[in-house]
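Scroll down for the structure; my scribbles are underneath it.
In what follows, chains are A, B, ... by sequence order, proteins preceding strands, each numbered from 1. Values reported hereafter were calculated over all heavy atoms of this structure, with side chains retained and with hydrogens, waters and symmetry mates removed.
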Amino acid sequence: MKVPLRLEFNKIDTIFHSTPSPLNLSHQSYRQISFTHRSTNLNNLLNATLHTKHLKHATQIHTQIITNNYTCLPFLLNNLLNLYAKCGNINRNLLLFSTNHGGFKNVVIWTSLITQLSRSSKPFKALTFFNKMRSTGIYPNHYTFSAILPACADSMMVEHGEQMHCLIWKHGFQTDIFVGTALVDMYAKCTDMTSAERVFAEMPDRNLVSWNSMIVGFLQKKLYYRAVEIFREIRRQVSDSPDEVSCSSVLSACANIGCLEFGRQVHGIAFKHGLVALTYVNNSLMDMYCKCGLFGDALELFKTIGDRDVVAWNVVIMGCVHCGKFEEACRYFWFMRTEGIAPDETTYSSVLHASASLSALNQGTLIHDQTLKTGFMNNACVASSLITMYAKSGSLVDANRMFEEIQERNLVCWTAMIAACQQHGCANQAIELFEEMLGKGIEPDYISFVSVLSACSHAGHVEEGFVYFSSMTEVHGMNPGPEHYACMVDLLGRIGKLEEAKRFIESMPIKPDSSVLGALLGACRNYGNLEIGREIAKRLFALEPDNPGNYVLLANMLMRKGMMEEADEVRRSMGINGVRKEPGCSWIDVKNITSVFTVHDRSHSRTDEIYEMLRKLEELVIRKGYKPETQFAVNSVEGYKEQSLWYHSEKLALALGLLALPVGAPIIIKKNLRTCGDCHTVMKFASEIFGREIILRDINRFHKFTNGLCSCKDYW
DNA sequence: CTAGGGTTAG
């Protein structure tokens with residue numbers, strides 16, 4: 001950077017003598033420019049202003065350039081362009097450029113403008129000016145190509161970059177290290193790693209930046225091991241040691257593959273080269289430790305950082321979410337604000353995820369308020385998170401309201417809303433939304449198909465489900481994944497076509513995973529098909545021996561058929577394998593206080609009233625024709641069964657809700673496992689008897705009980 | 001006048 005230490009001429013000279021540092025330029029100096037007619041003086045003042053970045057001063061100099069007819073001087077024009085860019089006013093550049101028809105423009109000036117447009121993420125404008133430049137007969141040079149290639153990458157159309165690649169050959173800049181690196185980066189960003197690798201291989205020489213571009217490329221293509229391999233190559237054959245870009249990028253790769261061992265090595269390398277204090281490296285390190293399950297180590301690092309930027313906080317908040325510390329995630333969110341760090345869309349999506357996982361409507365609403373105050377309400381990412389938060393907190397109405405308010409809905413917004421409807425049992429609405437989305441020309445992806453297929457299965461739309469399923473390959477050119485196959489198995493299983501579901505699994509081109517087999521096992525439970533159920537359960541035990549759910553499901557099926565010995569055997573094998581059923585637990589909020597219940601819980605301060613309420617409830621439901629479904633009782637001691645059934649956690653929570661919530665208010669209960677069949681029946685009766693809406697959110701769906709019916713249509 | 005980086009939503 002050129003900084004005028006001393007200016008030679010009259011008035012300006014005296015000004016600078018009185019203010020030795022260009023940073024101290026007073027407003028006075030700019031007013032006095034009018035006394036000078038020398039372009040060099042103006043240029044020196046321009047250079048000085050590059051440091052102060054005052055837009056007002058830039059415009060004053062600009063006026064002088066025009067009044068003195070200096071627009072024909074390329075260096076002045078060029079420096080002015082750069083000055084406007086430094087002041088963060090790209091529009092001024094465009095204006096200056098377009099109004100300056102008579103002015104002389106050389107390749108340097110054009111390149112300056114293209115660079116600025118490229119950097120201010122206006123890729124299409126940059127490309128337009130590149131073409132304009134060529135049409136005026138000026139040839140691009142290696143600077144121009146280095147500047148335009150990031151814009152090509154940004155335009156997300158590899159065709160632009162490929163055309164540029166041809167031009168580079170035509171003009172003979174393919175051997176330039178900057179151009180080569182920019183090409184590698186462009187292909188990598190357009191996820192064409194084959195071309196990136198070819199260009200990289202053909203480069204006559206490469207520097208660290210070139211190598212780093214390769215790491216980043218593989219990172220983006222999720223080829224993490226190859227990213228790690230490049231890092232190793234750098235250590236082996238590049239004379240420069242890895243810098244902060246190499247380290248932060250490769251750490252991201254380590255984080256994604258959960259490779260703690262190599263991540264630790266990189267930590268050591270970064271330490272050796274004095275890079276650990278750098279923000280990027282630090283944040284990547286924290287993320288790596290979080291994703292490798294060492295949240296504590298990440299937090300240790302976090303505490304050592306003096307200047308924690310928003311990404312550092314985001315990484316910690318995500319880390320909390322990652323290891324299920326949802327309350328802590330919310331605490332960090334409020335804490336970062338006290339340190340004066342403004343949340344961004346990443347922060348909001350992470351903390352809303354935490355809030356959704358807690359089904360904490362009050363917390364979520366407070367965060368919603370914050371998004372409004374900080375102007376994030378029109379952000380598609382934040383809005384999608386809000387939809388999911390409201391839906392998972394039990395309020396489909398609010399989720400829908402959020403959806404309606406979004407001005408520009410992207411695929412994720414639509415999918416969030418479709419999933420919300422699906423989780424709340426509004427399958428038809430989910431399917432309608434999906435169709436509406438297709439009508440708007442939005443291309444569905446992997447996740448949106450999962451949502452619509454589960455809606456189909458939920459509503460029993462077999463044919464529609466199969467049409468959507470085959471449209472994945474036929475129309476949208478994607479291969480169904482395990483989740484989609486699981487939906488189809490569920491679809492068949494739900495209507496009792498167990499044999500067909502089994503054949504469907506046999507015909508799968510990919511190996512059925514636990515979600516696919518689990519769907520069939522669930523169907524077998526619901527239809528009491530022990531024969532297929534046993535077989536599928538065995539396959540599941542082999543596939544995921546640590547999942548208690550499968551053992552419990554099979555044991556329940558056996559008990560239902562009165563095969564107590566075999567049921568006990570299943571339970572015993574669970575013990576032998578060291579698997580323990582997670583204790584069922586339910587919670588309910590009353591006036592901002594959360595009460596948690598486990599089975600037979602007597603720890604609540606209103607225990608006596610709760611048990612009295614349950615006694616009354618039992619009387620009332622029996623009068624309505626309720627029969628206990630004892631197969632859901634875990635304890636096999638006769639006579640104790642019914643009683644045990646009555647003190648399941650969700651029933652205790654229901655009783656408290658009935659006691660403590662105002663008449664007419666919905667009773668919202670959350671449970672950590674799938675809800676038990678007997679409790680489900682009782683909830684239905686209770687909703688009718690008390691004329692209240694009961695919302696039970698279990699591990700995988702919402703049950704909304706109204707007037708004796710459940711939104712899940714008794715299949716979950 | 002030129003090339004590369006960390007966190008996120010369904």
Side-chain angles (χ1 to χ4, degrees), chain A residues 74-75 78-79 81-82 85 106-116 118-119 140-150 153 173 176-186 188-189 206-217 219-220 243-252 255 278-288 290-291 309-319 321 343-353 356 379-389 391 410-420 422-423 444-448 450-451:
Chain A
F75 68 96
N78 190 37
N79 282 347
L81 278 170
N82 291 327
N106 60 14
V107 63
V108 178
I109 292 170
W110 280 100
T111 303
S112 286
L113 186 75
I114 291 166
T115 303
Q116 288 149 18
S118 189
R119 282 183 187 159
N141 62 16
H142 55 295
Y143 285 93
T144 325
F145 283 119
S146 307
I148 193 69
L149 281 165
F173 291 115
D176 183 87
I177 192 161
F178 279 81
V179 175
T181 303
L183 268 173
V184 169
D185 177 62
M186 181 276 296
K189 291 235 171 78
R206 311 169 189 100
N207 59 19
L208 190 57
V209 180
S210 329
W211 285 91
N212 287 347
S213 297
M214 290 297 287
I215 298 187
V216 175
L219 197 60
Q220 264 182 302
D243 67 356
E244 70 263 37
V245 180
S246 335
C247 288
S248 61
S249 309
V250 82
L251 281 167
S252 170
L278 298 167
T279 320
Y280 270 91
V281 177
N282 232 318
N283 292 345
S284 303
L285 273 171
M286 286 195 299
D287 187 50
M288 185 274 293
C290 282
K291 297 224 169 96
D309 70 351
V310 63
V311 178
W313 288 92
N314 291 347
V315 168
V316 165
I317 292 173
M318 265 319 293
V321 171
D344 64 5
E345 63 168 34
T346 310
T347 325
Y348 282 121
S349 51
S350 312
V351 76
L352 283 167
H353 186 105
N379 182 298
C381 174
V382 175
S384 312
S385 308
L386 280 166
I387 292 173
T388 306
M389 182 278 292
N410 64 16
L411 173 65
V412 182
C413 303
W414 284 93
T415 311
M417 195 61 226
I418 293 166
Q422 191 273 114
Q423 284 156 0
D445 71 350
Y446 194 93
I447 304 176
S448 40
V450 174
S451 292

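- At a threshold of 4.5 Å between non-hydrogen side-chain atoms, the residues A:C413 and A:N410 count as touching.
- Between A:F173 and A:N141, the closest side-chain pair of non-hydrogen atoms falls below 4.5 Å.
- The side chain of A:K189 places no N or O atom within less than 4.0 Å of a non-bridging phosphate oxygen (OP1 or OP2) of B:dA3.
- Using a 4.0 Å cut-off, some side-chain N or O of A:S252 falls inside it from OP1 or OP2 of B:dT7.
- Using modelled atom types, no side-chain atom of A:S252 and backbone atom of A:S248 make a donor-acceptor pair closer than 3.5 Å.
- Base contact: A:V209 has a heavy atom under 4.0 Å from a base atom.
- Looking at heavy-atom distances under 4.0 Å, A:R206 makes no contact with the nucleic acid at all.
- Remark: side-chain polar atoms of A:S118 are paired, donor with acceptor, to backbone N or O of A:A147 under 3.5 angstrom.
- Here the side chain of A:D445 pairs a donor or acceptor atom with the backbone of A:S448 at under 3.5 angstrom.
- Side-chain to base pairing of A:T415 with B:dG10: one donor and one acceptor N or O lie within less than 3.5 Å of each other.
- Ring-base stacking between A:Y143 and B:dT2 is not satisfied when judged by a centre separation under 5.5 Å and a plane angle under 30°.
- Counting non-hydrogen atoms under 4.0 angstrom, A:T347 reaches nothing in the nucleic acid.
- Among the heavy atoms of the strands lying under 4.0 Å from A:A380 is at least one base atom, whether or not backbone atoms are also near.
- In this structure, CG of A:L113 is placed 14 Å from P of B:dC1, rounded to the nearest angstrom.
- In this structure, CZ of A:F145 is placed 12 Å from C1' of B:dT2, rounded to the nearest angstrom.
- The residue A:N282 sits apart from the nucleic acid: no heavy atom pair falls under 4.0 Å.
- Nucleic acid contact class of A:E244 (heavy atoms, under 4.0 Å, all strands): base.
- As judged by a 4.0 angstrom heavy-atom cut-off over every strand, A:S112 is placed among residues touching the sugar-phosphate backbone only.
- As rounded to whole Å, 18 Å separates atom C1' of B:dT8 from atom CH2 of A:W313.
- Atom C1' of nucleotide B:dA3 and atom CG of A:L183 are separated by 10 Å, given to the nearest angstrom.
- If you check every strand for non-hydrogen atoms under 4.0 Å, A:I387 touches nothing.
- Nucleic acid contact for A:T346: base, since at least one base atom lies under 4.0 Å from a heavy atom of the residue.
- Side-chain N/O atoms of A:H142 include none lying less than 4.0 angstrom from OP1 or OP2 on B:dC1.
- You'll find a donor-acceptor pair under 3.5 Å spanning the side chain of A:D445 and the base of B:dG10, going by distance alone.
- A donor-acceptor contact under 3.5 Å links the side chain of A:N207 to the base of B:dA3.
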